[in-house]
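Whatever order the structure lists ligands and atoms in, that order sets their numbers, starting from 1.
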Amino acid sequence: MVYESLPRTVRILLLGDPGVGKTSLILSLVTEEFTEHVPSKAEEITIPADVTPEQVPTNIVDICVAEQSPEQIVEEIEKSHVICIVFSVDRQETLSKIASHWLPFVRDNCHHDLRKPVILVGNKIDLIDYSIIDNIWDIAEEYPEVDRCIECSAKNLINVSEMFYNAQKAVLHPISPIYSIEEQE
Ligand code: GTP
């Protein structure tokens with residue numbers, strides 16, 4: 001079995017429906033506080049190696065469906081190493097869209113033998129008092145590229161750094177041989 005060498009930087013892309021909190025998650029990570037009014041799209045952020053748990057420089061990229069074309073989003077998927085698909089735990093339709101749109105969309109735009117790891121992120125857990133992690137796992141079971149599911153809150157800073165750390169780990173310590181290039185040869 002032949003593996004592609006692991007990248008020296010990790011590029012994390014956040015995808016998901018409008019309003020689920022992608023920009024807020026990035027800004028909460030960087031500023032360690034929640035700001036109610038955020039821009040529609042965060043500037044690309046580079047986190048230096050020495051402040052990441054895995055000691056690898058990490059780029060974090062936001063998307064905004066309203067401002068970017070599908071072609072631009074596909075380009076970002078191609079450039080990324082790991083994709084966090086975010087939904088809002090208080091809006092069932094944003095969870096449904098993960099299986100009906102986002103996971104197939106990512107799959108369609110990754111080479112079959114080079115599937116990128118995906119993290120499913122349920123944001124805004126401050127708004128509910130129950131866990132929906134079992135519903136997420138039901139979706140994840142059909143998509144082996146889903147490395148992990150996590151619930152978090154950009155507002156209360158719950159599991160925010162853990163989400164980005166898990167994304168890094170999914171690239172640097174893949175559970176399955178996602179980077180296998182065996183069948184290309
Ligand atoms: P688009 O730019 O449309 O793609 O949205 P987005 O996914 O980047 O969402 P954004 O970060 O702009 O947040 C949307 C709204 O949700 C804002 O009013 C945020 O303040 C709010 N929000 C984000 N995260 C949380 C959270 O964890 N809890 C709560 N209660 N509100 C949140």
Check your understanding: N/O to N/O below 3.5 Å, does that happen between Cys64 and ligand 1?
Key -> no
Review point. Should one rank Glu36, Lys22, Gln68, Lys124 by closest heavy-atom distance to atom 22 (N) of ligand 1, which comes out on top?
Key: Lys124
Check your understanding: What closest approach, in Å, do Asn109 and Glu78 show between heavy atoms, and which atom pair accounts for it?
Key -> O-CG, 4.1 Å
Check your understanding: Under 4.0 Å from any heavy atom of Asn123, which atoms of ligand 1 are there?
Key -> 24 (N), 25 (C), 27 (O)
Review point. So which protein heavy atom does atom 1 (P) of ligand 1 come closest to, and at what separation?
Key: Gly19 N, 3.7 Å
Point to revise | Part of Ile125 within contact of ligand 1 (heavy atoms, under 4.0 Å) | key: neither
Point to revise | Protein residue, atom and distance nearest to atom 27 (O) of ligand 1, heavy-atom basis | key: Ala154 N, 2.9 Å
Study note, to complete from the structure: A student comparing Pro18, Ser24, Gly122 should find that the heavy atom closest to atom 10 (P) of ligand 1 comes from Ser24
Practice item. Measure from atom 29 (C) of ligand 1 to every heavy atom in Asp126, Val160, Leu25 and give the option owning the shortest one. Key: Asp126
Review point. Taking the six-membered ring for Trp, are Trp102 and Phe105 parallel (under 30°), tilted (30 to 60°) or perpendicular (over 60°)?
Key: perpendicular
**Study point:** From CG (Leu29) to SG (Cys152), nearest 0.5 Å
**Key:** 11.0 Å
Study note, to complete from the structure: One finds that the ligand 1 atoms under 4.0 Å from a non-hydrogen atom of Ser40 are 2 (O)
Point to revise | Set of residues satisfying salt bridge (charged side-chain N to carboxylate O under 4.0 Å, His left out) with respect to Glu75, sequence neighbours excluded | key: none
Review point. Would you say the side-chain atoms of Gln168 and His173 include a donor-acceptor pair closer than 3.5 Å?
Key: no
**Study point:** Nearest protein heavy atom with distance in Å, relative to atom 9 (O) of ligand 1
**Key:** Gly21 N, 3.0 Å
Review point. Where's the contact between Val38 and ligand 1, heavy-atom distance under 4.0 Å: side chain, backbone, both or neither?
Key: side chain
Point to revise | Minimum heavy-atom distance Lys124-Gly19, with the two atoms named | key: NZ-O, 2.9 Å
Practice item. Below 4.0 angstrom from a heavy atom of Thr23, which ligand 1 atoms are there? Numbered from 1 as shown, please. Key: 8 (O), 11 (O)
Check your understanding: Of the backbone atoms (N, CA, C, O) and the side-chain heavy atoms from C-beta on, which set of Leu127 has a member under 4.0 Å from an atom of ligand 1: side chain, backbone, both, or neither?
Key -> side chain
Review point. So, Glu32 versus Ser28: side-chain donor-acceptor pair below 3.5 Å or not?
Key: no
Review point. Is the closest side-chain donor-acceptor distance between Thr46 and Asn59 under 3.5 Å?
Key: yes
Check your understanding: Please walk me through it: do Thr94 and Asp17 pass side chain to side chain donor-acceptor pair (under 3.5 Å)?
Key -> CA-CA 6 Å; Thr94 65; Asp17 277 3; 5.7 Å; no
**Study point:** Polar atom proximity, Lys41 to ligand 1 (N or O, under 3.5 Å)
**Key:** no
